[in-house]
Q: 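Got a structure here, written out as structure tokens. Questions coming.
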Amino acid sequence: MPRGLHKRIEALERRVAELEASIAALLSEYAIATSPLNEGGEELGLAERLAATQVTYDEALLDLRGLRSMARRLRDWGLAPADTASWANVCRAIGLPSASGAHRAVRNREPVLHVLLHRCAMPSHCSLDGVSYSA
């Protein structure tokens, strides 16, 4: 998984676009397969593939909306998605001294932000707390 919220959003946007293209292609194939001139009998398989792709697309779109929601929450902290590429970037963006380590500084000074970042931009496992945070 890419590090930084902006990279995760970009990756998911690419995935959604790929799924949209797949759905469009499957719809074209289905239209040809169901035309009165076609006797192929492949409609059922295409319909199942289309349904499965639609489910995957819906899940990806929900995930993308969730990440965009997280980006709005981070703006409340004065952070842009690009500021989340590393703990040091976060500290620089919010003006937090990080002499004892950027990750530790965020955790000690802004515990809510720390958890939020683990949930959306940083690896979910926190080496300081020894736990994993999930969205």
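Counting from 1, the numbers follow the sequence of the chain as shown.
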Q: Pairing donors with acceptors under 3.5 angstrom, does anything connect the side chains of His114 and His103?
A: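 There is such a pair (donor and acceptor under 3.5 Å, judged by atom type) between the side chains of His114 and His103.
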Q: Run the numbers on Asn89 and Thr84 for side-chain contact (heavy atoms from CB on, under 4.5 Å), then give the verdict.
A: CA-CA 6 Å; Asn89 284 2; Thr84 63; over 6 Å; no
Q: Let me see the working for Cys126 and Tyr133 under side-chain contact (heavy atoms from CB on, under 4.5 Å), right down to the final yes or no.
A: CA-CA 8 Å; Cys126 176; Tyr133 297 101; 3.8 Å; yes
Q: For the atom pair CG (Leu64) and CG (Leu12), what is the distance rounded to the nearest 0.5 Å?
A: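 Between atom CG of Leu64 and atom CG of Leu12 there are 5.0 Å.
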Q: Do any N or O atoms from the side chain of Asp58 and from the backbone of Val55 form a donor-acceptor pair under 3.5 angstrom?
A: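 The answer is no, because no donor-acceptor pair under 3.5 Å joins these two groups.
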Q: Is there a path of hydrophobic side-chain contacts, each under 4.5 Å between heavy atoms, that joins Leu27 and Tyr57?
A: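 They do share one cluster, since a chain of ILVMFWY contacts under 4.5 Å joins Leu27 to Tyr57.
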Q: With hydrophobic residues grouped by side-chain heavy-atom distances under 4.5 Å, do Leu128 and Val131 end up in a single group?
A: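 Different hydrophobic clusters.
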Q: Which of these passes side chain to side chain contact (heavy atoms under 4.5 Å, CB included) with Glu110: Val112, Leu113, Asn108?
A: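 So, applying the side chain to side chain contact (heavy atoms under 4.5 Å, CB included) to Glu110 and each of Val112, Leu113, Asn108, only Leu113 qualifies.
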Q: How many angstroms lie between atom CD of Glu59 and atom CD of Gln54, to the nearest 0.5 angstrom?
A: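 Between atom CD of Glu59 and atom CD of Gln54 there are 10.5 Å.
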Q: Should Leu46 and Arg49 be marked as a side-chain contact (heavy atoms from CB on, under 4.5 Å) after you check the CA-CA gap, both sets of side-chain angles, and the distance that decides it?
A: CA-CA 5 Å; Leu46 284 169; Arg49 286 178 42 212; 3.6 Å; yes
Q: When you measure from the side chain of Arg8 to the backbone N and O of Met122, does any donor-acceptor pair fall under 3.5 Å?
A: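 Looks like yes, one N/O pair under 3.5 Å.
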Q: Does Cys120 form a side-chain contact (heavy atoms from CB on, under 4.5 Å) with Leu74? I'd like the steps, not just the answer.
A: CA-CA 10 Å; Cys120 70; Leu74 287 174; 4.0 Å; yes
Q: Any salt bridge linking Glu13 with Arg68? Criterion: basic side-chain nitrogen under 4.0 Å from a carboxylate oxygen.
A: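 Salt bridge: yes.
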Q: Under the 3.5 angstrom rule, does the side chain of His118 hit a backbone N or O of Pro123 as a donor-acceptor pair?
A: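 Checked: pair present.
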Q: With rounding to the nearest 0.5 Å, note down the distance linking CZ in Arg119 to OG in Ser124.
A: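 Answer rounded to 0.5 Å: 11.5 Å.
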Q: Less than 4.5 Å apart, side chain to side chain, heavy atoms only: is that true for Thr56 and Arg15?
A: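 The answer is yes, as the side chains (C-beta and beyond) meet within the 4.5 Å cut-off.
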